[in-house]
Amino acid sequence: MTVRTRFAPSPTGYLHVGGVRTALFSWLFARKHGGAFVLRIEDTDLERSTAESVNAILEGMTWLGLEYDEGPFYQTKRFDRYAEVIDQLLGAGLAYRCDCSRERLDGLREQAMKDKTKPRYDGHCRSRNVPADEPHVVRFRNPEGGSVVFDDLVQGRIAISNDELDDLIIRRTDGSPTYNLTVVVDDLDMEITHVIRGDDHINNTPRQINIIAAMGKIPPRYAHVPMILGDDGARLSKRHGAVSVVEYREKGLLPEALLNYLVRLGWSHGDREIFSLDEMIELFDIEDVNKASSTFNTDKLLWLNQHYIKEDDPKRIAHLLSYLMGKLDVDPAKGPDLVDVVKAQQERAKTLVEMAEISVFFYRDFDEYDPQAAKKHLRPVALESLTRMRDRLAGLEPWTAEALHQAVADVAEELGLNMGKVAQPLRVAVVGRAASPGIDITLHLVGKQACLRRVDRAIDYVRQRAEQQG
RNA sequence: GCUCCCUUCGUCUAGUGGUUAGGACGCCGGCCUCUCACGUCGGUAACAGGGGUUCGAGCCCCCUAGGGAGCGCCA
């Protein structure tokens, strides 16, 4: 039997990291076993499903490279099929019509809570034969007595007594099918062999298994993976604050970093931290996933992102970076080759956005000095070295990193200073801040004209400051 | 309230009866160094609590506490 897994999000919000990890696990499991990965959009909640959410999901999956072999299938396009199954169940007496009012149901719930028991439907309409031409819902006739047992690939054996389950609604008054019915029908029809989903579905599973049994079918294997908690400890789920994957892209995260981070949440392979997609496919196993939920930690994600930025091909980084530079009103075509800039900054940024921000000065004169940097380095004592550097740079030919390094070293020696005493004022003059790549590379990439212009500006600044101080 | 699930450094985790409880992120310190960063070396820090079982428990059992989920004409 070939493995078939699926990811079945409901388009009622954006795609968050919890969903992505579930998708990743499903995808990895399918890939590992040479099976198929199916994408299914569970949009039966007409009120809350939106086209934007569908787009966000598809976009997120594409960005991450989690390619699906089949789909996306939309449940709203399968209503006929669900109706067919419900009618069959109805015909076989495995489901029944119910016209209990919401008020009655609410009363039942209230009373149950008051009695300190679990709220359950009382089966009022089980044998009432509610006529089909009057408003009604359809309920599944859950087996009485006994219990449902299943061996979860992550959680182990789980057993729930049928007495805990009630007759759930499978068709609403408006005729639309409900979640527990559609999931079951789809997983069966799409021949899903392994259902990998969040552990918030554990409690639904026995109901679904009962429906499957009523349909005379064999249930798939289940793997309920724990949820992810947010940085603040609050849980990440569709119903609570969670960060969209699209936001991570906009923050300059690399998909491989996010995926690597996510796969290590609840899963590990010895002491290993770095996994390429191929390595994940080779080493991942759903049975190695932990049962406990884990907390999302942005610092570690950022560390991984920096790792991948460092390791990646500068050309690819440059390609991604150019878009971000554009958002900062910089045209990377006018100035140093962006690939060279990337090579210079590759070890200095945790995100692509950060890299863009610290690279703007290569293309455009900065507005103001960083106050701290100016205060510390653009002082009267620096005047001598700045003017000497200015003269030196003006006559420098060719404008290479090697020659620039030599020029700085020469000035330092002439003045009997160490490199830092010369390089730092110069750096602040050219960069506007006290941090940048090596001074030689920095000067080289900024270019002769801009360097001279900025050094002149710094000399003026220091003179003015000296005058003000009297 | 009821049912189900979970519990090793702050965080992610290794660990499957005998370990100085290991690694990673973060944090702190050293080195490298023109700054920042990278790299590198070292340090900080954990078995939720209580009972058992056993010659011996992080590992097995029970209880308590804490956390999560479900209990919808949501998915």
Side-chain angles (χ1 to χ4, degrees), chain A residues 8-12 42-45 47-49 75 98 100 102 105-106 109 112-120 136-139 152 154-156 158-161 163-166 168-174 176-180 182-183 198-206 224 226-227 229 231 233 235 237-239 261 264-274 290-304 306 310 345-350 358 373 377 405 408-409 412 418-428 431 433-440 442:
Chain A
S10 60
T12 53
E42 309 215 325
D43 54 354
T44 54
D45 185 349
E47 308 229 328
R48 295 190 300 164
S49 296
Q75 292 193 317
C98 163
C100 288
R102 294 185 194 240
L105 265 22
D106 289 344
R109 237 187 312 273
M113 293 294 264
K114 210 184 287 178
D115 295 345
K116 300 181 192 297
T117 66
K118 187 171 179 171
R120 286 174 85 250
H136 65 271
V137 300
V138 174
R139 288 182 184 274
D152 193 283
V154 171
Q155 309 285 341
I158 294 177
I160 294 193
S161 166
D163 295 337
E164 295 296 331
L165 276 22
D166 63 356
L168 75 161
I169 292 172
I170 55 177
R171 175 188 279 163
R172 303 185 182 92
T173 307
D174 68 4
S176 64
T178 60
Y179 170 72
N180 282 297
T182 59
V183 169
D199 68 5
D200 50 335
H201 287 284
I202 289 179
N203 294 285
N204 286 323
T205 307
H224 287 97
M227 321 216 71
L229 273 26
D231 267 341
R235 74 186 201 277
S237 80
K238 65 179 179 182
R239 294 171 227 201
Y261 177 72
R264 279 286 287 103
L265 233 40
W267 176 82
S268 63
H269 184 76
D271 285 343
R272 199 152 171 184
E273 295 288 349
I274 308 294
N290 287 155
K291 294 179 175 186
S293 57
S294 42
T295 304
F296 194 86
N297 184 248
T298 304
D299 282 336
K300 189 158 184 181
L301 205 212
L302 256 20
W303 170 74
L304 275 163
Q306 179 165 34
K310 238 167 18 189
Q345 301 279 220
Q346 220 160 356
E347 292 176 342
R348 286 165 234 273
K350 288 185 186 297
I358 61 174
H377 300 292
H405 180 86
V408 177
N418 58 36
M419 280 277 283
K421 283 282 189 285
V422 177
Q424 276 309 84
L426 184 57
R427 171 172 280 114
V428 177
V431 179
R433 299 193 325 269
S436 84
I439 192 67
D440 45 0
T442 299

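A, B, ... follow the sequence lines: proteins, then strands. Residue 1 opens every chain. Values below: all heavy atoms of this structure, side chains included; hydrogens, waters and symmetry mates excluded.
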C1' atoms of G67(B) and U8(B), separation to the nearest Å: 16 Å
- request: Ignoring backbone atoms, establish whether Ser294(A) has a side-chain N or O less than 4.0 Å from OP1 or OP2 of U11(B).
  value: no
Contact under 4.0 Å: Lys291(A) side-chain N or O vs C6(B) OP1/OP2: yes
- prompt: With a 4.0 Å cut-off on heavy atoms, is Lys310(A) in touch with a base, just the backbone sugar-phosphate, or nothing at all?
  reply: sugar-phosphate
message: So Leu265(A), base contact, sugar-phosphate only, or nothing? Heavy-atom distance under 4.0 Å.
response: sugar-phosphate
field: N/O (side chain, Ser293(A)) to phosphate O (OP1/OP2, C5(B)) under 4.0 Å
entry: no
- prompt: U3(B) phosphate, OP1 or OP2: any side-chain N/O from Ser161(A) under 4.0 angstrom?
  reply: no
- prompt: Can you find an N or O donor on one side and an acceptor on the other, under 3.5 Å apart, linking the side chain of Thr178(A) with the base of C73(B)?
  reply: no
message: Judged by each residue's nearest nucleotide on RNA chain B, which is more toward the 5′ side, Lys116(A) or Asp174(A)?
response: Lys116(A)
message: Looking at C4(B), I'd like to know if its phosphate oxygens (OP1 or OP2) sit under 4.0 Å from a side-chain N or O belonging to Lys118(A).
response: no
message: Is Gln306(A) close enough to C38(B) that one of its side-chain N or O atoms is under 4.0 Å from OP1 or OP2 there?
response: yes
field: Rounded interatomic separation in angstrom, taking NZ from Lys114(A) and P from C2(B)
entry: 17 Å
message: Looking at Arg109(A), I'd like to know whether one of its side-chain N or O atoms comes within less than 4.0 Å of OP1 or OP2 on G72(B).
response: yes
message: Whether the Asp115(A) and Thr117(A) side chains hold a donor-acceptor pair (N or O, under 3.5 Å, no angle test) is what I'd like checked.
response: no
message: What contact category does Pro437(A) fall into here, base, sugar-phosphate, or nothing, at under 4.0 angstrom with non-hydrogen atoms?
response: base
query: Heavy atoms, side chains only, cut-off 4.5 Å: are Ile358(A) and Arg433(A) in contact?
result: yes
query: According to a strict under-4.0 Å criterion, is Asn290(A) in side-chain N/O contact with OP1 or OP2 of A14(B)?
result: yes
query: On a plain distance test, is the side chain of Asp200(A) in donor-acceptor contact with the base of G70(B) below 3.5 Å?
result: no
- request: Name the nucleic acid region contacted by Ser268(A), choosing base, sugar-phosphate or nothing; use a 4.0 angstrom heavy-atom cut-off, strictly under.
  value: sugar-phosphate
